Amino acid sequence: MRKPLIAGNWKMNNNVSDSLKFAATLSVELKAAGQIDVVMAPPFTALYSMGVALSDTEFKLAGQNLFWEDSGAFTGEVSGEFLAEIGCTYVIVGHSERRQYFGETNETVNKRLMAAIRHGLIPIMCVGENLAQRENGDTWQIIEEQLTDGLRGIDLRTVAHFVIAYEPVWAIGTGKTASPDEASGVHDSIRNYLKERYGDETAGKIRLIYGGSVTPANSRELITRENIDGALVGGASLDPKKFADIVRSAH
Ligand code: 13P
């Protein structure tokens, strides 16, 4: 069966000292990850010190983004090689905030996924529709395009390790969670799409997690759905107690 995964995307929050306080509290709150993959995505500047602070734990780290080249004259960018070197296991790719504010497209998502694969990082690939697209009835068309173009050229064996996060843009940071039925409806469609594209065995291995206003109050009813294998948590992941509660709700 698929191992549940709970990831905290801190976005542009928590400097190094905040991050170290978080790590200390989390280790008290949550003695072990147990049967859950617990992942944190701090800002780049805090990744190294978080890696040191968490080195004796089972908690894993993710970058929030990566560039598709490995090194060179790309001012301001961070490569997959650098993330892997400091102990990241995962990397978030194609978050809607990257798409909205930084010109991310399905094509650049694909290039970043290729770079993640090259460096042995497990991508957490984000897909999701915005409010206008949902209201137009275009939800599935948008997600299918994001999957088709984003996953272009990625083979069966590689994609089996991927994590795909369904994050409806209208639910991010708004307090409006997709209902368990709405979320699991999309997750079911994603699973079916993956089955058609890659076959049942591979599709059955890919973890599909939900993101968008997940809290300790709503996580359980989302995560217990058949095709919701965990959560990508923004705001609530900044509080180690809430984050630990969400992890516990996945047991
Ligand atoms: P919120 O949990 O704050 O809605 O953010 C979700 C998100 O974007 C995680 O990547």
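We count ligands from 1, going down the list as the structure has it; atoms in each ligand are counted the same way. The model shown is predicted, which means the values in this text are computed figures rather than measured ones.
- Using a cut-off of 4.0 Å between Lys/Arg side-chain N and Asp/Glu carboxylate O, Glu182 and Lys176 are scored as not salt-bridged.
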CA sep, side-chain torsions, deciding dist, call: Leu222, Thr177, side chain to side chain contact (heavy atoms under 4.5 Å, CB included): CA-CA 10 Å; Leu222 289 159; Thr177 327; 4.0 Å; yes
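- Within the 4.0 Å heavy-atom shell around ligand 1 one finds Gly212.
- Side-chain contact annotation: His95 with Glu167, donor-acceptor N/O pair under 3.5 Å present.
- Atoms of ligand 1 lying under 4.0 Å from any heavy atom of Gly173, numbered from 1 in the order shown and given with element: 1 (P), 3 (O), 4 (O).
- The closest approach between any non-hydrogen atom of Ala171 and ligand 1 is below 4.0 Å.
- Within the listing of ligand 1, atoms 4 (O), 5 (O), 6 (C), 8 (O) sit less than 4.0 angstrom from a heavy atom of Ile172.
- Remark: minimum distance from atom 9 (C) of ligand 1 to any protein heavy atom is reached at Glu167 OE2, 2.9 Å.
- Ion pairing between a basic and an acidic side chain is recognised when a charged N comes within 4.0 Å of a carboxylate O; Lys205 and Glu201 show such pairing.
- Using a 4.0 Å cut-off between heavy atoms, Leu232 contacts ligand 1 through both its backbone and its side chain.
- Asp149 and Arg152 are joined by a salt bridge, as a carboxylate oxygen and a charged side-chain nitrogen come within less than 4.0 angstrom of each other.
- The protein atom (non-hydrogen) at minimum distance from atom 3 (O) of ligand 1 is Gly235 N, 2.8 Å.
- Shown here for Leu121 and Cys88, the closest heavy-atom pair between the two residues is CD2-O, 3.3 Å.
- Ion pair Glu144/Arg197 not flagged as a salt bridge, since none of the NZ, NE, NH1 or NH2 atoms sits closer than 4.0 Å to an Asp/Glu carboxylate oxygen.
- Contacts of Ser96 with ligand 1, taken as heavy-atom pairs under 4.0 Å, are absent altogether.
- Among all protein heavy atoms, the one lying closest to atom 2 (O) of ligand 1 is Gly234 N, 2.9 Å.
- Contact analysis leaves Ala236 out of contact with ligand 1, as no non-hydrogen atom separation drops below 4.0 angstrom.
- Ligand 1 places these atoms under 4.0 Å from at least one heavy atom of Lys11: 5 (O), 6 (C), 7 (C), 8 (O).
- For ligand 1 and Ser213, the ligand atoms under 4.0 Å from any heavy atom of the residue are 1 (P), 2 (O), 4 (O).
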Glu226/Arg191 under salt bridge (charged side-chain N to carboxylate O under 4.0 Å, His left out): CA gap, chis, key distance, verdict: CA-CA 10 Å; Glu226 188 191 343; Arg191 183 80 65 204; over 6 Å; no
